[in-house]
Number of protein chains: 2
Amino acid sequence: MGTEVELGQILQDLENTNTLEELSNVAEQLRGILQVEHLTYHWVDGAGDQYGYTTYSDAWDERYRDKNYHRIDPVILGCFQRFHPVDWKSLDWSSRIAKSFLEDARNHGVGNQGYSIPIRGPNGQFALFTVNHSCDDRTWQRFISTFGRDLILVAHFINRKALEFEEDRQPDSKRNLSPREIDAITLLALGYSRAQVAHSLSISEHTLRVYIESARSKLGAHNTTHAIATALSRGLIVV
Amino acid sequence: MGTEVELGQILQDLENTNTLEELSNVAEQLRGILQVEHLTYHWVDGAGDQYGYTTYSDAWDERYRDKNYHRIDPVILGCFQRFHPVDWKSLDWSSRIAKSFLEDARNHGVGNQGYSIPIRGPNGQFALFTVNHSCDDRTWQRFISTFGRDLILVAHFINRKALEFEEDRQPDSKRNLSPREIDAITLLALGYSRAQVAHSLSISEHTLRVYIESARSKLGAHNTTHAIATALSRGLIVV
DNA sequence: TTTCTACTCCCCAAAAATGGCGGGGGAGGA
DNA sequence: TCCTCCCCCGCCATTTTTGGGGAGTAGAAA
């Protein structure tokens, strides 16, 4: 069967995509190949800002946002703690809120079978690529074992594009931190007080302050905590 | 050619792996199939703790740790900021320390061509899967375009196993943060003062303190900054 | 039902961090 | 050469954060 070839082409197309529309088109083709009801790429962002592509109904999409469902959706919660793709059946739907959420989803046209792939990028980026369908368990099982690996690659390539688009939108201005500044904020991030850090770096507490201040101004941070958070999410330090 | 089939088998074998030795064996098979000099899977952990599989010489492995090279290695630094796999040539080797690091690496048997795939897991986990070889640029280019996608999958599967093994070693002691706690530390991470956060959450500053304290104790953090850094690197909050 | 967790509010005093001022020496690039 | 960046040190006063107490609600789980 030519499915393999077609999927290879999909990945190729994804690589050559330059706009959101093109990406949607490719996604639509993919849906045709996989023969599933719904495809969703969903960039989850602490703030609740979301960005992506979905074939769910607008009503459901809107309701999801309005109700802040990303806070209780077992798919999101589960995927957030895992690395491997997740079959919805393996999640915990026992709590009351999860059940009412599920019912709500069904009523808005979400199919009974789902497979979600968590994807993580730099700076704590987190996204989900989900395939959704209505069918019996055995059929679904067969679908997963046939396409599971390909879906991982698709998820990877879609996310790559999403990150590219996002990057275009926010150009960053970063000066580099000096080694001492990095030492300083790294130790602070590890929970040491300024006194301890100064001692551990064998410098006066005042000198330490100079480093922290200068790191803070380089990072455009309001306070030390902000500087640490910024440095961490920009990948300038690692803890 | 049967390379496709063989790689499929490698993925299968990876899934069935249950010990580190088995994993090493599969990696060795993979190295045979790809015909490259070195393969490395490298779990990067700010503290310098490292865990993985490598075919580099013990001398280099040790030297790398001793010198804290993970702090200056452009491969690590570069991959940490990116999502897509990285050809070493596309990195910035211009700084002095990078050059001396590179020379040191060469002297310890590291090949001139490299391709590294960043992988991220839950709780801020970060790892690299690297293929290293000595050859000219054109040959390498051909290698990458032939195996690039497969390598992504391999990296994914290896990391999946590494996470499984790790999980067995450290039974987790993590309670989840409550929504309010997450709100609180997220806003703090964004640089707001306690007064501002309290106002923005419409609660008293005292209540806010309760959240911060309880988040801190749940995270086992020494102070607020530490709590924020911990929450960030565990992926509990995003800024 | 009882128990547990999440959420909300209050006071006080000590410790820590910040904001502002000043100073010096050295290494490297334009 | 000059200029910039990195490295190091001191004192002042103010603001912010922290570490101890305390108490009451509601809703979910057991």
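A note on names: the letters A, B, ... follow the listed sequences, proteins ahead of strands, and every chain is numbered from 1.
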*Under the salt bridge (Lys or Arg N to Asp or Glu O under 4.0 Å) rule, collect the residues that match up with A/R180, sequence neighbours excluded.*
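Checked A/R180 against salt bridge (Lys or Arg N to Asp or Glu O under 4.0 Å); matches are A/D183.
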*State which residues pass salt bridge (Lys or Arg N to Asp or Glu O under 4.0 Å) with B/E62; sequence neighbours excluded, sorted by chain then number.*
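Scan of B/E62 (salt bridge (Lys or Arg N to Asp or Glu O under 4.0 Å), adjacent residues dropped) gives none.
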_Give me each pair satisfying ring-ring contact (aromatic ring centres under 6.0 Å, His included) with a member in residues 196-239 of chain B, each pair once, sequence neighbours excluded._
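Every pair satisfying ring-ring contact (aromatic ring centres under 6.0 Å, His included) with a residue in residues 196-239 of chain B: B/H222-B/H226.
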To the nearest angstrom, how far is [X] atom [atom1] from [N] atom [atom2]?
X	N	atom1	atom2	value
A/Q196	C/dA15	CD	P	15 Å
A/I212	C/dA17	CD1	P	8 Å
B/N223	D/dT16	CG	P	18 Å
B/L188	D/dT17	CG	P	8 Å
A/E213	D/dC5	CD	C1'	17 Å

*ring pair (Phe, Tyr, Trp, His ring centres under 6.0 Å) involving B/Y53 - partner list, sequence neighbours excluded*: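 Ring pair (Phe, Tyr, Trp, His ring centres under 6.0 Å) check on B/Y53 returns nothing, list empty.
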_With A/Y192 via ring pair (Phe, Tyr, Trp, His ring centres under 6.0 Å) - residues at least two apart_ =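 With sequence neighbours excluded, A/Y192 shows a ring pair (Phe, Tyr, Trp, His ring centres under 6.0 Å) to no residue whatsoever.
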*Should we count CG of B/N16 as having more than 12 external heavy atoms under 6.0 Å?*
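Counting neighbours around CG of B/N16, more than 12 heavy atoms of other residues, nucleotides or ligands fall under 6.0 Å, so yes.
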_Using the side-chain hydrogen bond (donor to acceptor under 3.5 Å, both in side chains) criterion, which residues pair with A/H84? Sequence neighbours excluded._
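Expected list: none.
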*Any residue meeting side-chain hydrogen bond (donor to acceptor under 3.5 Å, both in side chains) with B/R209, in chain and number order, not counting sequence neighbours*: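 B/R209 satisfies side-chain hydrogen bond (donor to acceptor under 3.5 Å, both in side chains) with no other residue.
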_Within the 4.0 Å limit for protein heavy atoms, which parts of nucleotides 6-12 of chain D are touched? Write it as a string from 5' to 3', B for base, S for sugar-phosphate only, - for none._
SSBBBB-
Give each protein N/O atom lying under 3.5 Å from an N/O atom of nucleotides 23-30 of chain D, with the pair distance.
none

